[in-house]
Asks: 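The structure that follows is given in the form of structure tokens.
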Amino acid sequence: METTVECVVVRGGGYEGRQGGTFAAGISAQSVGARGLCLHRMSLPGHTRGRPHLHAGHESAILVLSGQVEVWHGAGLADHLVLKAGDYLYIPPDVPHLPVNTQDEEMVAVVARTDPDEQEGVQLLDLPRHLHAALTAVPVASPA
């Protein structure tokens, strides 16, 4: 018995992520039946942030296309780095992270994960106390 395998083009559409930010409809289990990956374009407007979260059991890779983003990451979101256009970031499975755009310009990135589902593996976390003073006033982008 022959199985038909087809390439699929995805155009248009998108969704507001539970973790904050706007995601263009890309490659996922929901859009094309992907079984092992998820690939989207994410945007984070200036002076907004995401929600602290992790992707349970799944790796993530990010390529910043334009703008700049600060990422708090690791246990208790104690570590901090800044990504600029052209930078890649690898996030191991189960590592908490939080993107923050402190710039005027929108940040746009390509995000890939080993989880084919768009949102099912997203686990939201509380904002750690040490970040309250700096980030509580920064609105979550596109709160879902």
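The figures here come from the full heavy-atom set of this structure, side chains too, leaving out hydrogens, waters and symmetry mates. None of these values were measured; they are calculated from a predicted model.
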Asks: For the side chain of T48 and the backbone of L44, is there at least one donor-acceptor N/O pair under 3.5 Å apart?
Replies: no
Asks: Quick one: pull up NZ in K84 and CD in Q68 and give me the separation to the nearest 0.5 Å.
Replies: 5.5 Å
Asks: Do H55 and D115 have side chains that get closer than 4.5 Å, going by heavy atoms?
Replies: no
Asks: Using the ring of each side chain (for Trp, its six-membered ring), is H80 parallel, tilted or perpendicular to W72, with breaks at 30° and 60°?
Replies: tilted
Asks: V138 and T102: side chain to side chain contact (heavy atoms under 4.5 Å, CB included), yes or no, with the steps?
Replies: CA-CA 9 Å; V138 178; T102 61; over 6 Å; no
Asks: Are I27 and V110 connected into the same hydrophobic cluster when the rule is that any two of I, L, V, M, F, W, Y join if their side-chain heavy atoms are below 4.5 Å apart?
Replies: yes
Asks: Kindly give the heavy-atom pair with the smallest separation between P116 and G36, and that separation in Å.
Replies: CB-N, 3.9 Å
Asks: To the nearest 0.5 angstrom, please state how far the CG atom of L63 sits from the CG atom of L83.
Replies: 10.0 Å
Asks: What distance separates L135 CG from R51 CZ, expressed to the nearest 0.5 Å?
Replies: 13.5 Å
Asks: Output yes when a side-chain donor or acceptor of D94 lies under 3.5 Å from a complementary backbone atom of G57, and no otherwise.
Replies: yes
Asks: Please give me the minimum heavy-atom distance between L77 and P128, naming the atom from each residue.
Replies: CD1-CD, 3.6 Å
Asks: In terms of hydrophobic clustering (I, L, V, M, F, W, Y; side-chain heavy atoms under 4.5 Å; direct or indirect links), are V69 and L89 co-clustered?
Replies: yes
Asks: Can you name the closest pair of heavy atoms from G74 and V95 and give their distance?
Replies: N-CG1, 3.8 Å
Asks: Is the backbone N or O of H58 less than 3.5 Å from a side-chain atom of T114, with the two atoms forming a donor-acceptor pair by type?
Replies: no
Asks: Please find the pair of heavy atoms, one from A25 and one from V10, that lie closest to each other, and give the distance.
Replies: O-CG1, 3.4 Å
Asks: So, the side chain of S28 versus the backbone of C38: is there a donor-acceptor pair under 3.5 Å, distance only?
Replies: no
Asks: Write down the atom of L127, the atom of R49, and the distance for their closest heavy-atom approach.
Replies: CD2-NH2, 4.4 Å
Asks: Give, for atom CG of L131 and atom CG of D126, the distance between the pair rounded to the nearest 0.5 Å.
Replies: 12.0 Å
Asks: If you look at every heavy atom in S66 and E105, which pair is closest and at what distance?
Replies: CB-OE2, 4.1 Å
Asks: Working to the nearest 0.5 Å, report the span between CD of E70 and CG of L81.
Replies: 9.0 Å
Asks: Check whether H97 reaches the backbone of H73 with its side chain - one donor and one acceptor, N or O, closer than 3.5 Å.
Replies: no
Asks: Hydrophobic clustering (ILVMFWY, side-chain heavy atoms < 4.5 Å, transitive) - are L37 and V8 grouped together?
Replies: yes
Asks: List the steps and the verdict of side chain to side chain contact (heavy atoms under 4.5 Å, CB included) for H47 and D104.
Replies: CA-CA 6 Å; H47 304 286; D104 293 331; 2.5 Å; yes
Asks: Hey, any chance L124 and I91 share a hydrophobic cluster, counting ILVMFWY side chains that come within less than 4.5 Å of each other, even indirectly?
Replies: no
Asks: Quick one: pull up CZ in R129 and OG1 in T136 and give me the separation to the nearest 0.5 Å.
Replies: 10.5 Å
Asks: May I ask whether I62 and V100 are part of the same hydrophobic cluster, defined by side-chain heavy atoms of I, L, V, M, F, W, Y residues being less than 4.5 angstrom apart, directly or through others?
Replies: no
